[in-house]
Amino acid sequence: MNLNGAWSFRFDPDNRGFAEAWQNDEQSAYDLTIAVPFSWASPLSGIGDNRKGVGWYRRTLSWNASSAGSRLFLRFGAVDYTCDVWINGRHVGSHQGGYGTFEFEVTDVWRNDSDNAIVVRAEDNDHAYQTRGKQGYGEIRGIWQPVWLEARPDAYIGNAKFVTSISGRVEAAAKIFAARSGAAALSFDFGNGSVRHVVGDIRLEAGENEILTSFEVSDPQLWSPENPYLYEGKLVLSGNFGEDAVSTYFGIREVGTARFGERDYKWITLNGKPVYLNGTLDQSFNPTGFFTYPSDDEMRNEIYLMKRLGLNFVRIHIKSEEPRKLYWADKLGLLVMQDIPCYWGNPDETARAAHEKEELETIERDYNHPSIISWVIFNETWGLKTQTDSSIVAVSGDYATRETFLPDTQEWVRERYRWAKRIDPTRIIEDNSPCLYDHVESDLNTWHFYMNGYEQVRSHIEDVVSKTYAGSTFNYIGGNVQSDAPLMNSECGNVWGMEGGAGDSDLAWHYRYMLNEYRRHDKMCGFIFTEFRDVTNEWNGYYRLDGSDKDFGYDGLVPGMTIADLHSPDFVVIDAPPCQTVDAGSFVTVALLRSSYSDRYHGRLLRLEWEIRYDGLDAGMTGDSGSRQVEWDGYGVAELEPVTVRMPGQDAIAVLAVRLVDGEGAVIMRNFVAFDVRSGRSGGDYGSAGHVVSVPVADFTEHSFAYQWNAIQGHKANGGESGAFVYEVNLPDAEDKPLIGLIEILFEASSKRLLSRNRAGETDMKNVNFMHGEFADPERNPNSYLMTGDRKHESRVNVLIDGEQVGSIVLQDNPADSRGILSWHYQPVHNKLDEAGSYGYMCKVVVPSQLAAKLDRSRRFTLQLQADDGGLALYGRNAGRYPIDIVVRCR
């Protein structure tokens with residue numbers, strides 16, 4: 001019987017409940033109603049009060065098991081942090097730990113003929129030894145996982161562990177609990193009857209019994225992200241006590257690490273083959289339930305939203321994930337790295353004991369999920385540094401405190417790693433996912449980095465790869481050295497690679513070149529991008545916190561391209577900067593590599609196609625193109641023949657689009673690199689008929705905006721809210737152009753969404769302790785510029801010549817994504833962003849013929865670009881998407 005729903009609730013601010021025996025109080029003593037299983041701090045609880053301390057729950061109900069004589073158990077998914085439980089005034093048990101599942105037998109105290117009162121006292125005081133993880137985003141307090149009653153016979157199945165082999169062999173270890181000795185049989189029925197196995201003649205002793213057995217699955221279907229096949233079915237224990245049936249499932253798969261070919265380092269393997277892990281960091285947080293999902297659909301959608309990006313891997317960060325969400329990872333096919341939640345205090349005996357208990361509870365609970373391939377025992381040395389002042393919490397990136405990770409603590413970490421290997425040899429174990437290069441002993445050699453800038457990212461990854469080899473002391477502490485363990489990145493991104501953080505800004509530009517840099521290196525087995533969704537104080541997700549999309553803009557540069565193209569196991573690396581400045585008409589050679597972590601196309605001929613795409617003043621254009629066949633064979637990274645292309649003969653942003661295509665014409669993946677093509681001609685050469693006059697966007701003679709500033713080294717002019725920019729334009733004189741028959745005005749523009757810092761000039765983001773619940777406004781971050789997404793900001797701009805309106809244009813948004821090539825290419829400092837990735841729309845207005853006749857005589861006019869409350873941003877030659885200033889074309 002599911003006990004989720006409305007419970008009576010009361011706070012105990014003075015901790016009087018024990019002394020006053022509140023477990024015996026009537027319903028009327030409880031002044032609040034809470035929705036279980038939501039943290040009392042969360043909105044969905046119906047209380048939304050983030051106070052630490054003690055809370056009491058009460059619920060009355062009548063319920064009888066369907067089989068007379070059954071044993072009755074009260075089960076809790078999780079309660080943070082300690083709890084005591086009473087049934088009808090009698091204490092039935094206590095539990096400590098915020099993430100573990102537990103139960104109490106209540107058979108002897110349950111009334112079958114009347115109502116029963118369940119009372120739960122939960123206490124959460126945020127002690128330094130508590131395993132809290134990242135509850136600063138939203139506190140877990142009290143009951144935060146489902147509560148239910150469960151009836152069982154006198155002998156029942158406590159749990160069963162499955163260890164599978166790709167040969168089809170399945171080893172099972174079942175724990176049977178019996179009230180008294182007797183005979184029993186245990187049957188296994190899975191895969192719609194295709195797998196049947198019976199262990200008969202079992203002699204049960206009173207108490208705990210362990211049954212070890214094995215069986216073979218013929219023609220096994222292997223579980224993988226591409227084919228997440230589950231053998232669903234049930235275990236049945238039978239005897240003179242009756243029958244206990246448990247529905248469950250297993251997936252047949254093997255996880256490991258292995259060397260391939262002549263390499264002296266290992267790769268990660270799934271089912272005996274290399275697998276490249278395209279992963280993301282999942283804080284597993286939502287704004288209404290905090291770390292408890294509002295519904296099963298939302299848990300399924302989380303896995304779906306990762307899969308649709310082409311990801312095959314997720315790291316559940318500092319949280320023991322809800323089992324139902326892990327079910328959806330099993331069902332839909334997503335590999336999981338599961339963190340053990342951390343504590344924040346010193347690693348004293350109390351903290352160590354608490355951590356070890358929850359570590360065991362997590363691994364025992366989640367042992368059978370085929371999606372889980374790795375356990376991470378600690379993260380970024382949190383809780384492993386010994387501070388003389390216990391009120392100081394040493395967090396990420398504080399290299400000065402690295403030495404406070406003391407030798408005896410290092411040995412404890414080694415012991416925990418080896419302990420985890422003993423109790424679960426089927427998975428990859430990582431001692432500590434480090435940002436301070438402080439592994440001790442690990443199956444994975446991972447590291448974290450957050451930085452922006454192509455050269456910085458490239459040189460950093462090359463440095464890490466060059467220092468990774470068996471015997472290297474790099475990335476290890478205390479005299480420990482590397483083994484041949486696989487190298488992968490376990491956290492990366494550009495949000496914290498900024499001075500003060502990047503806030504909400506375009507991820508797409510950085511993401512593409514970072515993934516290219518990873519795939520250049522044969523040693524690299526994968527990455528974990530921070531992060532899946534934006535969270536309370538971090539705005540660097542693939543999606544926003546509410547699940548709405550961010551537009552990476554790749555399809556605007558390469559038709560059909562999505563972020564999933566960058567996650568293809570078969571990948572063409574473009575070994576070049578994301579954008580280069582080149583001369584018009586020049587030939588450019590681009591180095592290419594192939595990177596394969598799938599045998600799907602091995603031994604086949606694939607086709608490599610490429611073309612140059614660019615925008616003229618009037619339409620999109622295609623330049624140089626070509627294709628060739630490539631032999632696609634073998635795992636890892638190898639050189640491909642480079643591609644040489646001719647650049648357009650005019651000013652342009654040229655995109656070299658690359659496609660890998662199979663024999664049936666299906667596109668396997670897409671990639672691109674950009675070029676700022678410059679003619680060197682004053683005012684620009686745009687390959688179009690007519691005389692062009694270029695007016696820099698910052699050369700306005702006046703403006704009427706309440707807020708105005710220039711950006712990107714003066715190549716972008718911003719105005720908000722309503723107002724106008726005014727320019728004086730001189731047309732070619734009669735000697736240069738005797739007759740002007742047609743006048744067109746072209747410019748790149750977007751609306752202008754004003755951020756908090758634009759309005760008030762406030763950019764102070766210091767002392768934001770995002771780990772412990774301090775909140776900040778991302779709009780105050782000096783590097784913030786909202787990435788293109790579902791939320792639009794519209795504006796209308798009227799175009800006036802000498803006071804006469806000649807056009808009106810709706811600017812749909814204020815976008816920033818990979819299409820803002822020039823706004824990225826001309827950033828002067830890699831770790832201080834100035835409206836990076838921002839761009840506008842190509843706007844074109846034709847001057848009416850009667851006004852053109854007047855201008856043919858005067859050869860000058862006043863141009864006014866007038867915006868409504870949505871504001872106006874104008875992009876010049878070295879900003880935005882198009883390499884133009886304000887262009888007046890005369891024909």
Side-chain angles (χ1 to χ4, degrees), residues 255-259 263-268 277 315 318 337-340 342-343 346-349 351-352 355-356 359 363 373-387 394-425 427-449 460-492 521 523-528:
V255 178
T257 64
R259 292 189 183 189
R263 296 170 179 85
D264 58 359
Y265 47 86
K266 292 178 178 177
W267 284 338
I268 298 165
L277 300 179
R315 179 182 173 198
I318 327 285
M337 173 183 277
Q338 175 66 70
D339 287 9
I340 305 300
C342 69
Y343 56 90
N346 282 347
D348 55 27
E349 290 186 10
R352 292 185 185 190
H355 185 275
E356 290 174 7
E359 188 180 1
I363 295 176
I373 65 169
S374 176
W375 304 112
V376 180
I377 311 302
F378 297 98
N379 175 73
E380 292 191 342
T381 331
W382 295 344
L384 299 178
K385 299 173 185 177
T386 300
Q387 306 296 314
V395 297
S396 314
D398 186 4
Y399 200 83
T401 65
R402 183 174 185 263
E403 296 308 315
T404 64
F405 182 14
L406 301 179
D408 74 302
T409 309
Q410 295 169 30
E411 289 309 306
W412 178 59
V413 169
R414 188 194 313 280
E415 188 277 325
R416 297 321 298 163
Y417 158 78
R418 292 180 177 179
W419 170 85
K421 289 297 291 181
R422 288 194 301 273
I423 70 163
D424 188 0
R427 290 184 171 90
I428 297 167
I429 309 297
E430 187 168 14
D431 60 340
N432 173 40
S433 189
C435 71
L436 298 178
Y437 307 114
D438 50 4
H439 278 299
V440 175
E441 185 174 351
S442 179
D443 292 345
L444 284 179
N445 188 2
T446 79
W447 90 106
H448 301 177
F449 80 94
H460 174 74
I461 295 174
E462 285 184 340
D463 183 58
V464 170
V465 171
S466 69
K467 293 176 179 177
T468 299
Y469 54 86
S472 171
T473 59
F474 174 72
N475 206 20
Y476 278 68
I477 195 171
N480 296 289
V481 298
Q482 295 181 20
S483 65
D484 60 356
L487 173 68
M488 69 170 287
N489 172 269
S490 51
E491 286 188 33
C492 63
H521 296 286
K523 283 183 184 178
M524 286 289 299
C525 292
F527 67 92
I528 298 172

Quiz item: Is there side-chain contact between Glu380 and Leu436, with heavy atoms separated by less than 4.5 Å?
Solution: no

Quiz item: If we only count heavy atoms from C-beta on, is the Leu384 to Tyr343 side-chain gap below 4.5 Å?
Solution: yes

Exercise. Determine, for Glu415 against Arg418, whether the closest basic-nitrogen to carboxylate-oxygen distance falls under 4.0 angstrom.
Key: no

Quiz item: What distance do Asn480 atom CG and Arg414 atom CZ have between them, rounded to the nearest 0.5 Å?
Solution: 4.5 Å

Self-check item: Heavy-atom check, side chain of Cys342 versus side chain of Asn379, under 4.5 Å
Solution: no

Exercise. Mind checking the CZ-CG spacing from Phe378 to Asp431? Nearest 0.5 Å is all I need.
Key: 9.0 Å

Practice problem: Give the minimum heavy-atom separation between Pro347 and Thr409, together with the two atoms involved. | Solution: CG-OG1, 3.8 Å

Practice problem: Say whether, by atom type as modelled, one donor and one acceptor occur between the side chain of Ser374 and the main chain of Ile428 under 3.5 angstrom. | Solution: yes

Quiz item: Can you find a pair of side-chain heavy atoms, one from Lys467 and one from Asn475, that are under 4.5 Å apart?
Solution: no

Quiz item: Is Arg315 close to Asp339 at the side-chain level, that is, under 4.5 Å between some pair of heavy atoms?
Solution: yes

Exercise. For residues Val413 and Phe405, determine if any side-chain heavy atom of one lies less than 4.5 Å from a side-chain heavy atom of the other.
Key: yes

Self-check item: Criterion side-chain contact (heavy atoms from CB on, under 4.5 Å) on Ile528 and Met488, from CA distance to verdict
Solution: CA-CA 8 Å; Ile528 298 172; Met488 69 170 287; 4.0 Å; yes

Quiz item: Would Tyr476 and Asn445 count as having a side-chain donor-acceptor pair, cut-off 3.5 Å?
Solution: no

Practice problem: Under the side-chain hydrogen bond (donor to acceptor under 3.5 Å, both in side chains) rule, collect the residues that match up with Tyr265, sequence neighbours excluded. | Solution: Asp522

Quiz item: With a 4.5 Å limit on heavy-atom distance, are the side chains of Asn432 and Val440 in contact?
Solution: no

Quiz item: Say you draw a straight line from CH2 of Trp267 to NZ of Lys523; how long is it, rounded to the nearest 0.5 Å?
Solution: 12.5 Å

Practice problem: Taking side-chain hydrogen bond (donor to acceptor under 3.5 Å, both in side chains) as the test, write out the residues that go with Asp484, two or more places apart. | Solution: Arg259

